[in-house]
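Inspection log for the structure reproduced underneath, given as structure tokens.
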Amino acid sequence: MPELPEVETTRRGIAPHIEGQQVSQVIVRQEKLRWPVSPEISTLLPNLHIHQVRRRAKYLLLDTDKGTLIIHLGMSGSLRITDASTEPEKHEHIDIIFTNNTCMRYKDPRRFGSFLWSSSPVEKHKLIQQLGPEPLSESFNIDDFYPKIQLKKAPIKSVIMDGHIVVGVGNIYASEALFQSGIHPKRTANNISKKRLVNLVSAIKEILALAIEQGGTTLKDFVNSSGNPGYFQQKLNVYGRANKPCLVCDTPIKQIVIAQRSTFYCPHCQR
DNA sequence: CGAGCAACCTGCATGC
DNA sequence: TGCATGCAGGTTGCTC
């Protein structure tokens, strides 16, 4: 499920339950994720306090005195808050249990996610260090974006999904942002006017911000729920709407493949 | 170096 | 009903 808005929604859902809490026990039922679960999560994390839950790109960062737990939800990962006495369901691979018996439980059927440990500072960690700007921050702006784009002759959709350029734009919102800004997903990145790229930057910010805002409404269900915020009933204009009429011009939406990922666009609205 | 794509997994919808 | 196939919200790291 996780695109950036889902990860941020997860962060907001778990933070009030675990910030300031002391870990009492960690249970790893399945250590084979995208990478093996770091052993420090079993050996070092117990007895430490979680000071803060942060997000960088689609990574959740749980800070302690001795380092940071880096969690990525991959394609199918989710976290929920439950009680340590509840029985784990299928594919619930990891429990972080706290001294007040709260349990943060990780479920991930496809196991593309990760639980990694970083001795502080986490900003130096291999996976974190190379990340581009946060889409919702000032550091993602046209003055930095435009010159970077001039070096790219890949399809614009691939470029906005490249975490070195900007983080957090996943497959769904890439299609949606390009529709909103009227840009054909296959258009060569360095062949787009600055004016249109200004619109693209705005579209990415608006779409992600709206999705996060709507995700907030699901937070009340975070405890003892699936913990899966889903798609927020967000109105998707093109994603998943192959052959259906464009909501603007009625032209059938097209589905193509770019860089092995399904891509949706309106051949009339997007050039 | 950039671009393309194989790989890591399970679940689910579809078609024969 | 059973089985094969294709597809799925991510990202690294390999090849060319």
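Letters A, B, ... mirror the listed sequences (proteins, then strands); counts begin at 1.
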Given DNA chain B, 5'-ward residue of the pair A259(A) and K32(A), judged by closest heavy atom: A259(A)
Report the residues that fulfil side-chain contact (heavy atoms from CB on, under 4.5 Å) with [X], sequence neighbours left out, ordered by chain and then residue number.
{"X": "N100(A)", "answer": "Q21(A), F98(A), T102(A)"}
{"X": "A57(A)", "answer": "Y59(A), L131(A), E134(A), V167(A)"}
{"X": "K90(A)", "answer": "none"}
{"X": "P121(A)", "answer": "E123(A), K124(A)"}

Do any side-chain atoms of residues 194-204 of chain A form donor-acceptor pairs under 3.5 angstrom with protein atoms, and if so which ones, sequence neighbours left out?
{"residue": "R196(A)", "atom": "NH2", "partner": "G182(A)", "partner atom": "O", "Å": "2.7"}
{"residue": "R196(A)", "atom": "NH2", "partner": "R271(A)", "partner atom": "O", "Å": "3.0"}
{"residue": "S202(A)", "atom": "OG", "partner": "V198(A)", "partner atom": "O", "Å": "3.1"}

Segment of DNA chain B, first to last nucleotide, that comes within the 4.0 Å heavy-atom reach of chain A: dA3(B) to dG11(B)
Results of ring-ring contact (aromatic ring centres under 6.0 Å, His included) for Y106(A) - residues two or more places apart only: F115(A)
Test ring-ring contact (aromatic ring centres under 6.0 Å, His included) applied to F112(A) - qualifying residues, sequence neighbours left out: none
Which atom pairs, donor and acceptor, lie under 3.5 Å between side-chain atoms of residues 241-248 of chain A and protein residues at least two apart or in another chain?
{"residue": "R241(A)", "atom": "NH1", "partner": "N237(A)", "partner atom": "O", "Å": "3.0"}
{"residue": "R241(A)", "atom": "NH1", "partner": "P245(A)", "partner atom": "O", "Å": "3.1"}
{"residue": "R241(A)", "atom": "NH2", "partner": "P245(A)", "partner atom": "O", "Å": "2.9"}

N-O pairing of E92(A) and R80(A) below 4.0 Å: yes
Sugar-phosphate, base or nothing in reach of K153(A), heavy atoms under 4.0 Å: sugar-phosphate
Sugar-phosphate only, base, or nothing, as touched by S158(A) at under 4.0 Å among non-hydrogen atoms: nothing
Where protein sits on nucleotides 11-16 of chain C, one letter per nucleotide: B base, S sugar-phosphate only, - none, heavy atoms under 4.0 Å: BBS---
Watson-Crick or G-U stems of DNA chain B, 3 or more pairs, under 3.5 Å, by first number: B:2-8 with C:10-16, B:10-16 with C:2-8
Side-chain donor/acceptor pairs under 3.5 Å, residues 260-269 of chain A, sequence neighbours excluded:
{"residue": "S262(A)", "atom": "OG", "partner": "Q255(A)", "partner atom": "NE2", "Å": "3.0"}
{"residue": "T263(A)", "atom": "OG1", "partner": "K157(A)", "partner atom": "NZ", "Å": "2.9"}
{"residue": "T263(A)", "atom": "OG1", "partner": "R261(A)", "partner atom": "O", "Å": "3.0"}

